[in-house]
Amino acid sequence: MRAARWDGSRLRVADAPVPEPGPGEVLIEVRAVGVNQLERQVMAGAPLGPGVLLPRTIGLDPAGVVVACGPGVPDRVGARVAVKPNVPCGGCGACTAGREADCPAQTVVGIHRDGGAAEYVVVPSRVAFDVGRLPFAQAAAAVHSVPIALHMIRRSGRGVPRKVLVTGATGALGCAAVQVAAALGAEVTAGALEGEPIGDLPGLGASEVVTYPREGAGAALEKALDGSSPALVLDATGSGELISAALRCVAWAGAVVVAAALPDSAVELDTRAFYTRRITLYGCAAADYADVRDGLDLVARGLVRPPVAAELPLEEVGAAFEMAGRRDHLGKVMLVTKEEPTCP
Ligand SMILES: [Zn+2]
């Protein structure tokens with residue numbers, strides 16, 4: 001089969017053997033997979049941590065059709081599925097309590113095991129979620145970001161407040177957060193870097209779009225909010241400046257949920273204001289199984305529709321990463337391995 005392999009210095013599409021599903025695993029014929037920020041960071045030299053072997057087939061969030069099942073898996077052949085990128089261990093306290101997002105031993109498809117930027121991928125059956133009739137590119141574009149966006153809101157433990165601010169709204173996660181919060185009834189202010197294309201963020205649910213420059217982003221955000229205090233801030237930037245500003249702007253007893261990191265991510269915290277105003281700050285890097293099921297349900301019902309900026313063939317993986325890196329579009333860049341037949 002053809003597979004996009006990263007060897008530590010080069011990304012290229014090469015021949016590789018079709019993997020075989022082991023116990024508890026399924027073999028998926030991949031139809032679409034996203035180009036993700038995490039892979040771009042890894043290729044830019046971000047540390048991989050222990051146990052990561054190269055070369056590795058990339059591709060965090062493939063969608064496709066189950067074509068074989070390993071021992072112990074009920075027959076799922078023919079199921080249309082999308083893969084949750086974070087694989088929880090299944091045995092720790094968090095996993096057994098249904099809080100898979102907090103599993104300390106989770107691994108990531110495409111990082112710790114071969115991913116889905118290939119014609120076939122093997123994953124544990126438990127992270128291959130049924131997507132019904134959703135088009136594969138849409139399912140793959142949704143399966144990573146939408147559940148995490150939903151988890152960010154749920155993690156805050158505040159239900160869905162009326163006013164929500166999303167910073168980094170032009171990225172895949174930020175855009176999903178805008179849509180999920182709006183679909184759940186919030187009035188959403190979308191924050192974006194000046195000059196980044198906001199596309200149809202208003203059509204996707206943003207009541208208002210505010211922008212900030214790269215330098216002095218925090219002060220500019222505060223000014224743009226003009227005294228308006230969101231009860232919940234969902235940050236998809238990891239920018240220390242923006243998170244510091246969010247902690248200053250958030251409403252009394254509000255929450256800031258951070259689901260990204262930048263090298264320059266030190267946050268300034270006025271502890272007096274933090275405790276007297278009962279602010280809560282959360283970190284969020286994955287989703288629970290329940291978030292995946294419910295997130296995909298929002299997509300299936302048409303309440304959330306993650307934009308797809310482009311669909312490129314697997315062989316053009318280099319061009320796809322280049323395009324994703326330019327950030328001159330709203331929506332996710334997808335790799336497709338096989339055209340989906342259109343229904344008659
Ligand atoms: Zn676990």
Side-chain angles (χ1 to χ4, degrees), residues 19-28 33-34 36-39 41-42 46-53 56-63 66 69-74 76 79 81-116 121-131 139-140 142-157 172-173 176-177 180 234 236 238 255 257-261 280-297:
E20 282 191 21
E25 295 178 331
V26 289
L27 174 67
I28 298 168
V33 64
N36 284 283
Q37 182 72 16
L38 177 60
E39 293 158 320
Q41 288 172 354
V42 166
L48 283 166
V52 177
L53 302 174
R56 175 70 78 212
T57 299
I58 63 165
L60 270 62
D61 46 11
V66 174
C69 299
V73 178
R76 298 185 70 188
V81 296
V83 174
K84 173 189 187 310
N86 294 74
V87 182
C89 78
C92 71
C95 283
T96 50
R99 293 188 295 107
E100 295 86 4
D102 290 342
C103 171
Q106 59 193 286
T107 54
V108 181
V109 175
I111 302 287
H112 301 99
R113 57 187 297 141
D114 280 336
V121 64
V122 160
V123 296
S125 182
R126 64 184 188 276
V127 295
F129 285 76
D130 289 308
V131 296
V143 72
H144 190 21
S145 57
V146 173
I148 295 182
L150 188 55
H151 189 75
M152 290 171 83
I153 294 169
R154 289 175 166 173
R155 195 160 190 102
S156 73
L173 177 59
V180 172
L234 306 175
V257 187
V258 175
T280 314
L281 177 63
Y282 294 92
C284 170
D288 295 335
Y289 288 153
D291 303 316
V292 183
R293 283 190 292 270
D294 297 344
L296 289 173
D297 183 57

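One-based numbering, in listed order, for ligands and for the atoms of each.
The side-chain heavy atoms of Val127 and Pro88, taken from C-beta on, include a pair separated by under 4.5 Å.
Under the side-chain contact (heavy atoms from CB on, under 4.5 Å) test applied with Val123, the options Val83, Val81, Leu27, Val66 reduce to a single match, Val83. Considering Arg293, Lys84, Arg76 in turn, Arg76 is the only one that fulfils the salt bridge (Lys or Arg N to Asp or Glu O under 4.0 Å) rule with Asp130.
Minimum interatomic distance between Ala255 and Ser156 (heavy atoms only, all atoms of both residues): CB-CB, 4.1 Å.
Annotation: protein N, O or S atoms under 2.8 Å of the Zn ion (ligand 1) (waters excluded) comprise Cys89 SG, Cys92 SG, Cys95 SG, Cys103 SG.
A salt bridge is absent between Glu100 and Arg126: the closest approach of a Lys/Arg side-chain nitrogen to an acidic carboxylate oxygen does not fall below 4.0 angstrom.
A side-chain donor-acceptor contact under 3.5 Å links Asp61 to the backbone of Gly34.
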